[in-house]
Colleague: 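Submitted below is the structure of interest, expressed as structure tokens.
Since this is a predicted model, take the numbers as computed values, not measurements.
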Amino acid sequence: MSLRLIFMGTPDFAVPALAELVSRGYDIAAVYTRAPKPAGRGMDMQPTSVEREARRFGLPVLTPSSLKSTEAQAALRAHGADAAVVVAYGLILPKPILEAVPLGCFNIHASLLPRWRGAAPINRAIMAGDTESGVTVMKMDEGLDTGAMAMVERTPIGADMTAGDLHDVLARLGAELMPRALGALERGTLNLTPQPAAGVTYAEKISKDETRIDWSKPARDAHNHIRGLSPFPGAWFEIDNTRVKVLRSTRGEGSGAPGTVLDEQLTIACGDGAVRMVELQRAGRQAMKVDEFLRGTAIKSGARVG
């Protein structure tokens, strides 16, 4: 008999895991997600990606603003679930919630713990130039991503891979890994390993004031910065007082004063080396490849960007 589960998640990253658990026949008692928010031109209330997927499957959806009240905790216990699966939910789970399901709460975290605990592990891994990432299934405790590890799946980070690319790979890996962990949990064979004290790093939330590209940095760092922030919130530069977001780049050839355009393919000099633009987006416009972008924006060799 399959475990009875509560699923807790909010963004696109969590959707494959929910869909996989449904396809495997798990009894999902309830789906917890964040409340709808106003979005779009009309500022209509938009449900989360997980809520849309849950309703597609006909699952009951709950959107509490907090799980700290005794009422919220009693409501969760009343589902009679064996365990909870948590994927980028966005709310803190207090100790009574962690203890409300007998087998525990299991989280899919988008890093190779204990590296990149915290809010933005995918972005920070790429921005730091990591060549490998992965997903960790852990049994949650009261700390920030400090729970004991159950299973890990690794994947390489390609030289030009963006945060968006890695996000999609890790979402699929997590969706495949969680049922394996739950199967072992159900059989009583799931081994939990405490996280090592060495190698702990924290993935701080991305702030707007760190999104501008610093051309004085080495090309390697500028390129990692660009791809680590793509597609959101997006690294950017200015030319002729126009902000341009860079969605894809690659290492370029040549050198010059930082911020100098080196050729007709929009290769830009950095503090050491250069970065060639591949895909860009002007404010309020669609994303476009660099050749299409340059047809609408004349940028000559020798121009400076900021």
Side-chain angles (χ1 to χ4, degrees), residues 3 5 8-9 11 13-14 16-17 20 82-159 161 163 165-207 210 220-221 224-225 227-228:
L3 297 172
L5 301 174
M8 311 176 91
F13 185 80
E20 186 67 20
D82 302 301
V85 171
V86 185
V87 191
Y89 178 37
L91 284 185
I92 293 172
L93 304 191
K95 188 176 181 180
I97 291 291
L98 296 173
E99 296 176 345
V101 286
L103 297 180
C105 299
F106 290 85
N107 173 247
I108 299 173
H109 186 73
S111 82
L112 299 173
L113 291 170
R115 184 164 177 80
W116 303 126
R117 295 174 179 171
I122 296 173
N123 306 91
R124 295 298 179 188
I126 293 180
M127 292 169 77
D130 290 5
T131 58
E132 185 181 48
S133 183
V135 290
T136 305
V137 171
M138 66 171 175
K139 186 175 183 181
M140 298 176 71
D141 60 18
E142 291 183 88
L144 176 63
D145 301 327
T146 55
M149 300 181 295
M151 289 186 179
V152 173
E153 192 72 49
R154 298 172 179 270
T155 188
I157 300 177
M161 180 178 266
D165 298 333
L166 183 58
H167 168 283
D168 294 348
V169 170
L170 296 184
R172 289 195 301 272
L173 284 182
E176 294 163 2
L177 189 62
M178 181 57 80
R180 287 168 47 196
L182 292 174
L185 178 68
E186 193 170 6
R187 293 189 299 271
T189 59
L190 186 66
N191 294 317
L192 297 173
T193 305
Q195 293 186 35
V200 174
T201 59
Y202 289 93
E204 301 291 341
K205 186 177 180 180
I206 303 297
S207 63
E210 62 179 314
R220 176 189 65 251
D221 294 346
N224 291 342
H225 182 80
R227 63 198 187 97

Colleague: Just how far is it from atom OG1 of T193 to atom CG of L113, taken to the nearest 0.5 Å?
Modeller: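 Here the interatomic distance stands at 12.0 Å.
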Colleague: What are the two closest non-hydrogen atoms of N224 and G129, and how far apart are they?
Modeller: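 Looking at all heavy atoms of both residues, the closest pair is ND2-CA, 3.4 Å.
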Colleague: To the nearest 0.5 Å, tell me how far E142 CD sits from K95 NZ.
Modeller: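 Result: 5.5 Å between the selected atoms.
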Colleague: Could you tell me if the side chain of M161 sits less than 4.5 Å from the side chain of R227, heavy atoms only?
Modeller: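 Side chain of R227 against side chain of M161, heavy atoms only: contact under 4.5 Å found.
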Colleague: Among D130, N123, T201, which one satisfies side-chain hydrogen bond (donor to acceptor under 3.5 Å, both in side chains) with W116?
Modeller: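 Going through D130, N123, T201 one by one, the side-chain hydrogen bond (donor to acceptor under 3.5 Å, both in side chains) with W116 is satisfied by D130 alone.
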Colleague: When rounded to the nearest 0.5 angstrom, what distance separates CZ in F106 from CE in M140?
Modeller: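 Going from CZ on F106 over to CE on M140, the span is 11.0 Å.
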Colleague: Taking the side chain from D145 and the backbone from G118, do they hold a donor-acceptor pair closer than 3.5 Å?
Modeller: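 A pair under 3.5 Å: yes.
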Colleague: In a check of side chain to side chain contact (heavy atoms under 4.5 Å, CB included) between L170 and each of P16, P121, S111, S133, which one passes?
Modeller: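 Per the side chain to side chain contact (heavy atoms under 4.5 Å, CB included) rule, the option paired with L170 is S133, out of P16, P121, S111, S133.
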Colleague: Is there side-chain contact between M127 and I206, with heavy atoms separated by less than 4.5 Å?
Modeller: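 The answer is yes, as the side chains (C-beta and beyond) meet within the 4.5 Å cut-off.
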Colleague: Specify the closest pair of heavy atoms between A148 and L192, including all atoms of both residues, with the distance to one decimal.
Modeller: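 Distance-wise, the nearest heavy atoms are CB-CB, 4.0 Å.
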Colleague: Determine the minimum heavy-atom distance between A198 and P114, stating which atoms define it.
Modeller: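 A198 and P114 have their closest heavy atoms at O-CG, 3.5 Å.
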Colleague: Is any side-chain heavy atom of L190 closer than 4.5 Å to a side-chain heavy atom of M151?
Modeller: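 Yes, at least one pair of side-chain atoms sits under 4.5 Å.
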Colleague: State whether the number of non-hydrogen atoms from other residues, nucleotides or ligands found under 6.0 Å of L144 atom CG is greater than 12.
Modeller: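 Yes, the 6.0 Å shell around CG holds more than 12 heavy atoms from other groups.
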Colleague: Which residue pairs satisfy the side chain to side chain donor-acceptor pair (under 3.5 Å) criterion with at least one member in residues 165-174, sequence neighbours excluded?
Modeller: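 For residues 165-174: T162-D165, D165-R248.
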Colleague: So, the side chain of R124 versus the backbone of K205: is there a donor-acceptor pair under 3.5 Å, distance only?
Modeller: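 Looks like yes, one N/O pair under 3.5 Å.
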Colleague: Within this structure, what is the CD1-CZ distance for the pair I108 and F13, rounded to the nearest 0.5 Å?
Modeller: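 I108 CD1 to F13 CZ: 6.5 Å, rounded to 0.5 Å.
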Colleague: I need the minimum non-hydrogen distance between A181 and V137, along with the two atoms involved.
Modeller: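 Taking every non-hydrogen atom into account, CB-CG1, 3.9 Å.
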Colleague: State which residues pass side chain to side chain contact (heavy atoms under 4.5 Å, CB included) with P156; sequence neighbours excluded, sorted by chain then number.
Modeller: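 For P156 there are no side chain to side chain contact (heavy atoms under 4.5 Å, CB included) partners, ignoring immediate neighbours.
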Colleague: List the atom of A125, the atom of I157, and the distance in Å for their closest heavy-atom pair.
Modeller: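 Smallest interatomic distance, heavy atoms only, reads CB-CD1, 4.4 Å.
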Colleague: What's the separation between atom CD1 in I126 and atom OG1 in T131, rounded to the nearest 0.5 Å?
Modeller: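 That separation rounds to 11.5 Å.
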Colleague: Distance from E186 atom CD to L103 atom CG, nearest 0.5 Å?
Modeller: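 Answer for the CD-CG pair, E186 versus L103, is 9.0 Å.
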Colleague: Identify the two heavy atoms, one from L112 and one from V135, that lie closest to each other, and give their separation to 0.1 Å.
Modeller: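 Shortest heavy-atom separation between L112 and V135 comes out as CD2-N, 4.4 Å.
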Colleague: Check step by step if side-chain contact (heavy atoms from CB on, under 4.5 Å) holds for T136 and Q195.
Modeller: CA-CA 11 Å; T136 305; Q195 293 186 35; over 6 Å; no
Colleague: Is there a side-chain contact between V87 and M178 in this structure, where contact means two heavy atoms from C-beta onward sitting under 4.5 Å apart?
Modeller: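 Not in contact.
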Colleague: Do D82 and L185 pass the side-chain contact (heavy atoms from CB on, under 4.5 Å) test, and can you show the C-alpha distance, the side-chain angles, and the key distance before you say yes or no?
Modeller: CA-CA 10 Å; D82 302 301; L185 178 68; over 6 Å; no
